[in-house]
Amino acid sequence: MPDNWLTMQIFLMVQTQWRTDQGVLLGLDYTALRWIFKLKKQEIKKPLELLADLQVIEAKIVETFNKEK
């Protein structure tokens with residue numbers, strides 16, 4: 001959906017930037033995410049909404065990955 005396109009673009013940019021501890025996926029590395037937000041600041045009109053959308057994706061991936069462990 002067009003409304004979610006920027007969220008997906010940003011997620012794909014940070015999809016390899018995960019924090020883990022002893023094989024447990026903890027979540028995205030927000031330092032990397034902050035850097036991408038700075039790079040894309042011209043395109044990001046509502047950063048808090050974008051962050052919330054990314055956190056929904058992040059939470060589902062963490063839940064799914066850790067359930068499989």
Side-chain angles (χ1 to χ4, degrees):
M1 296 182 69
D3 291 346
N4 298 322
W5 182 241
L6 182 58
T7 302
M8 287 308 303
Q9 286 180 310
I10 300 294
F11 176 75
L12 292 173
M13 291 177 181
V14 297
Q15 69 179 330
T16 60
Q17 304 302 307
W18 292 95
R19 296 212 179 247
T20 61
D21 185 24
Q22 298 181 10
V24 175
L25 188 62
L26 301 175
L28 284 170
D29 179 347
Y30 280 37
T31 303
L33 191 56
R34 190 174 96 199
W35 183 70
I36 294 296
F37 269 52
K38 283 184 181 182
L39 287 175
K40 300 291 243 175
K41 67 182 172 187
Q42 299 290 335
E43 296 174 53
I44 299 173
K45 305 299 181 214
K46 298 179 179 178
L48 292 178
E49 286 182 25
L50 179 61
L51 178 60
D53 292 344
L54 287 165
Q55 288 174 322
V56 170
I57 296 168
E58 173 192 32
K60 192 60 180 177
I61 290 171
V62 168
E63 175 188 334
T64 302
F65 182 85
N66 289 332
K67 187 183 293 184
E68 294 176 2
K69 288 281 180 173

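Computed from a predicted structure; not experimentally measured. FYI, the numbering just counts along the sequence from 1.
Residues Arg19 and Thr31 share a closest heavy-atom pair of NH2-OG1, 4.0 Å. Of all non-hydrogen atoms in Ile61 and Leu25, the two that sit nearest each other are CG2-CD2, 4.1 Å. Nearest heavy atom pair, residue Leu51 against residue Tyr30, reads CD1-CE2, 4.1 Å.
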- Query: Run the side-chain contact (heavy atoms from CB on, under 4.5 Å) check on Lys41 and Ile44 step by step: do they pass?
  - Reply: CA-CA 5 Å; Lys41 67 182 172 187; Ile44 299 173; 5.8 Å; no
- From CA spacing to verdict: side-chain contact (heavy atoms from CB on, under 4.5 Å), Leu26, Val62: CA-CA 7 Å; Leu26 301 175; Val62 168; over 6 Å; no
- Message: Using the rule given for side-chain contact (heavy atoms from CB on, under 4.5 Å), can you reason through Phe65 versus Thr20, listing the C-alpha separation, both sets of side-chain angles and the distance that settles it, and then say yes or no?
- Response: CA-CA 11 Å; Phe65 182 85; Thr20 61; 6.0 Å; no
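Not one N or O on the side chain of Gln17 forms a donor-acceptor pair closer than 3.5 Å with the backbone of Ala32.
In this structure, the separation between CG on Leu33 and CD on Gln55 is 8.5 Å, given to the nearest 0.5 Å. Residue Arg34 holds its CZ atom at 12.0 Å from CG of Leu39, rounded to the nearest 0.5 Å. In this structure, the separation between CE on Met13 and NZ on Lys40 is 3.5 Å, given to the nearest 0.5 Å. In this structure, Phe11 CZ and Leu28 CG are separated by 6.0 Å, a value rounded to the nearest 0.5 Å.
At least one side-chain heavy atom of Val24 sits under 4.5 Å from a side-chain heavy atom of Asn66. Inter-residue side-chain proximity for Ile10 and Phe37 is flagged as met; some heavy-atom pair is nearer than 4.5 Å. Looking at Gln15 and Leu12, their side chains come closer than 4.5 Å, going by heavy atoms from C-beta outward. The closest side-chain heavy-atom distance from Asp29 to Trp18 is not below 4.5 Å.
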